[in-house]
Amino acid sequence: MNKRNTLITATVLLGLVASEVSALEVDREVMPRITLGGRVIATLDYLDLDTDPDAKEEINLADSSLLMRFDKRLYRNGVAGGVIGFKENEHSVTFHQLNAFYWNQNYQAQIGRTRLRNSIVEFPLIRDDDLLTYTHVGNASSDEEFDQLHGEHLAFDWIVDKRIQKVGLWGGTRRNGEDAIFVDAPYGIDSYGVGYTYEQPEDLVYVKRIRHAGIWLDRQEVESAGNTEWMTAIIAGIEFNLNDDPTKNWSMALQAITNNGIDDVVSLTSVSEQARAKSTALVASIRYTGRPHLLTRYQGAITVAYKDYADFDQATQWSVAPSVVFRIGQGIDLLGQVKYTDYETGLGDGSDTSVHLGIAFSLEAMFNDNIGERDSILNLEHGYIK
Amino acid sequence: MNKVKKPAIVGPVLPEGSRLTRLDQTLAQGLSRRAFLKAAAAATGGTALANSQLAAQAAEVSKPAITGSSEHAAHAAGHAGHQMDQYGSMMFMEGHSMKPGQIIEPPGSPSPDEVNYKVFDIDVRIVEHEILPGIKTHLFAFNGQVPGPEFHVNEGDWVQVNFTNRTEEMHTIHWHGLILPYTMDGVPMVTQDPVHPGDTFVYRFQAKPAGTRWYHCHWSTPLHAASAMHGAFIIHPKNDPIQKKYPYTRDYVMMLEAWDIDFIREEINGLLEGMKQVNALMAKGKLDYKTHGFFKNYEEFKQAVESGEYVAPYLQSRSTGVEIKPNFFAINGKSYPATKRLGIRQGEWIRIRFINASGLTHHMHLHGHDFYWVAQDGNELADHRRLNTIHVQPGGTYDVMVYGDNPGFWTFHDHKTTQVRNNGIYPGGMLTMLAYEDFEPTYKPSISVDQ
């Protein structure tokens, strides 16, 4: 490219950029509130997996992400904005948060890509995909791990009592159209859900008996042998304090997912087949959080999980995952977790053991806050410490 | 402006079920308050004083007189010989009951048997306050008013203020510029424990010296006092020399305020959520005083920080600095154009008492007039100065006299013009008007908010 062409190209590009940012009456002096958030979570993993005998130790960066949220007050009631977030996904970068939202004191709505509402409780596991098969309703139209957690949706919530109780409704797309296996999967809105959640604000979780609870109906349309049918799952969960001491806090969490599946699942080999099978998953955890002088310093927890595929013989698996977190600075945590899973013969027999040791750096920074907060931006991500 | 001709609050106005009712119940059960205090004093090991004639004269002076429940008295007995033999901080008393509803009557002033108190009831609540149309913010407010009620008393009056904390945060009242017993000065952990949620603290003192004084919360002062926990405390002298020189007929208070409403919102939200944990610990008797940043002495504090046991909130690992950037400036709770005008008539003297509760300096300029600066910090100046701009410093009170000799509408404003804005938009903020009431205007003022 000669100098003249370079100049023309640069001018055109500048013109395009300028035309994008000089929209009618989008005044620079009405600065949005800008919130940055993110987490780098790096662990050294030791793996001894019967399901993947070649696996060895590795450095794992999964679940690391960066989030940006921009929002403004509206002329009348409410706040609107958008979130852009990307995360490490199988050694590439994927936009896992890309949505626009509106909220006021009584309602909130969101459209775009974000975490699916296919789980209620965040268990004390260091990554969002730890024990994923137990903790989330599976995606019957994708084998990708990313699609078990994320999807495009339109969600609407009614804030019943301003902060704590919400009744919600969502419809969305789970289908992974890029995978040839699912080329015939239903197009459009292939999933929906409705449910109720109760959730205390962050600083109250240690002094209220119930921290968090909810029940959700999750339905997804599934293609099977040329036909489509609807699969139904129900998720119910609760987190509650075993004592009400905010400095030496014991809490427990329970979640159950019952999935009625579809009829003609012939094997449990793939993730999507497991999602289509009739199943029951139970997860429980106990955690102790040490917060001397009300400053979180350490957490120890153990999570146990059980899942049974009712239409298959000897198709039960269970897991146990103790974890520890030492907070050495604001949002800087040393992490340790052991994860053991046992499979019956219907699921391949054997066991997987993994050990994870690492560090996580979390950040949240807010600029030009003239709005106030309904939720932390980091609540968009998996939270391992509470 | 608040035009006041009589005491702005009178007592008693506590609603039924409030803390004083419990004290009244104690009295009604046949145990006089003095006797109750004596019993408490004896129980705490102060028998020498309690048994002497001196005790009859000064029981309240010598003992921590926390009344309100027999439970407390029993508890206090259990700690005989501890800090209770001296008036000291309850915060460091292991196992001390911190359940709400206590009435704290500190020593330092005569008992109600000995002097005739003017009794006032005041509380603090959180209110949603409209600064000007479209802008509302939650503030801590005395009796729900912004600014707090004006006290008007005569020099030498004995004043009792029953202060009830109706928030989940801690508070005190500092009587700014008054000469009083130190136990009534309202500085947490220096002269008293902070008043816990639900508790009533009884301040008793003699109103002196005369002049423009004020009161404000001294707990978390940058938030509480500046936000709205402030009010005028006017002590009228028996023979007012200023009144003789300038026979004024109206008396205005101009409380100068500055609010960063975003800071206030975040801080109050954070405090209230955090205090729920503190209050839960208090209710269970498990509050570690270090949780609230209290230490018995400097050495203990130093050791706690240096050992790493206590991670102080000012450390750069916990805070990189909290900025307070006021974006609304107000006179008596309102920003222009919601500010009230000052009325005057031709030939009339009016007195204006500036009280600076904002933490900033305000350069108050009156158009079309000179005025006489006659007092500072409540005390009459030896030489009255003729000015038209007065520089009102943080915490100070400044009294000026204005004579009505130039009919019209006259702007009266902070001449630091960045403080005459609402959220950065001029005009607004600390701006009002001196308005003559007895003339035919040839031009009538309207409202301008966007220049």
Side-chain angles (χ1 to χ4, degrees), chain A residues 27-31 33 35 73-77 79 105 162-164 199-209 211 241 243-249 289-298 326-332 361 363-376 386, chain B residues 128 134-138 168 259-295 301 304-305 307-313 315-320 322-323 325 327-328 422-425 450:
Chain A
D27 295 334
R28 282 172 293 178
E29 71 177 45
V30 190
M31 280 266 292
R33 177 175 63 169
T35 311
R73 288 177 180 269
L74 304 184
Y75 291 134
R76 296 184 67 82
N77 185 21
V79 173
Q105 281 197 315
K162 302 289 188 270
R163 299 192 72 174
I164 296 170
E199 184 159 22
Q200 291 289 346
E202 181 177 294
D203 285 332
L204 304 187
V205 298
Y206 304 103
V207 295
K208 300 290 185 180
R209 180 60 69 186
R211 293 176 163 207
N241 288 314
N243 65 358
D244 57 356
D245 187 335
T247 57
K248 299 171 182 173
N249 184 261
T289 309
R291 305 177 68 240
H293 311 137
L294 297 175
L295 186 65
T296 302
R297 302 298 292 275
Y298 49 89
F326 289 95
R327 176 148 284 183
I328 57 174
Q330 278 279 335
I332 305 165
F361 175 86
L363 68 93
E364 180 162 354
M366 190 176 287
F367 307 93
N368 190 37
D369 179 17
N370 58 71
I371 293 174
E373 203 50 65
R374 184 183 289 289
D375 287 308
S376 162
K386 281 182 187 172
Chain B
E128 186 180 56
I135 298 293
K136 290 181 179 176
T137 187
H138 286 94
E168 292 185 298
W259 292 311
D260 179 341
I261 62 171
D262 299 316
F263 167 79
I264 292 170
R265 179 193 61 245
E266 294 304 308
E267 287 294 300
I268 288 183
N269 281 336
L271 280 173
L272 294 180
E273 290 191 356
M275 280 301 294
K276 282 189 166 52
Q277 298 183 56
V278 172
N279 292 339
L281 287 171
M282 285 201 301
K284 294 157 64 74
K286 287 187 173 178
L287 179 66
D288 176 349
Y289 52 85
K290 288 187 180 69
T291 299
H292 231 85
F294 295 138
F295 296 86
F301 161 71
V305 173
S307 69
E309 178 206 356
Y310 177 68
V311 185
L315 295 175
Q316 286 160 317
S317 60
R318 290 196 62 193
S319 174
T320 50
V322 179
E323 292 286 332
K325 298 175 182 172
N327 46 4
F328 288 91
N422 294 326
N423 206 23
I425 305 299
D450 184 10

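Proteins come first, then strands; the chains are lettered A, B, ... in the order of their sequence lines, and each starts at number 1. Because only heavy atoms are used, hydrogens play no part in the values below, and waters and symmetry mates are left out as well, while side chains stay in. Just so we're clear, the structure is a prediction, and the values are computed from it rather than from any experiment.
- Sparse packing is recorded around NZ of A:Lys208, with 12 or fewer heavy atoms of other residues, nucleotides or ligands lying under 6.0 Å away.
- B:Phe301 and B:Phe295 have perpendicular rings, their planes meeting at more than 60° on a 0 to 90° scale where under 30° would count as parallel.
- The greatest number of non-hydrogen atom pairs below 4.5 Å with chain A, out of B:Arg318, B:Glu309, B:His292, B:Arg265, is found for B:Arg265.
- Using a 4.5 Å cut-off between heavy atoms, B:Lys290 touches chain A through backbone and side chain atoms alike.
- Between B:Lys284 and A:Asp244, at least one side-chain nitrogen of the basic residue sits less than 4.0 Å from a carboxylate oxygen of the acidic one, meeting the salt-bridge criterion.
- Counting heavy-atom pairs closer than 4.5 Å to chain B, the top-ranked of the candidates A:Gly329, A:Pro201, A:Pro292, A:Gly372 is A:Gly372.
- Of the two parts of A:Ile332, neither the backbone nor the side chain holds a non-hydrogen atom closer than 4.5 Å to a non-hydrogen atom of chain B.
- Side chain of A:Asn241 to backbone of A:Asn249: no donor-acceptor contact under 3.5 angstrom is found.
- Note that A:Arg33 lies outside the cation-pi zone of A:Phe367, set by a 6.0 Å cut-off to the ring centre and a 45° limit from the axis.
- Only the side chain of B:Glu266 comes within less than 4.5 Å of a heavy atom of chain A; its backbone N, CA, C and O stay farther away.
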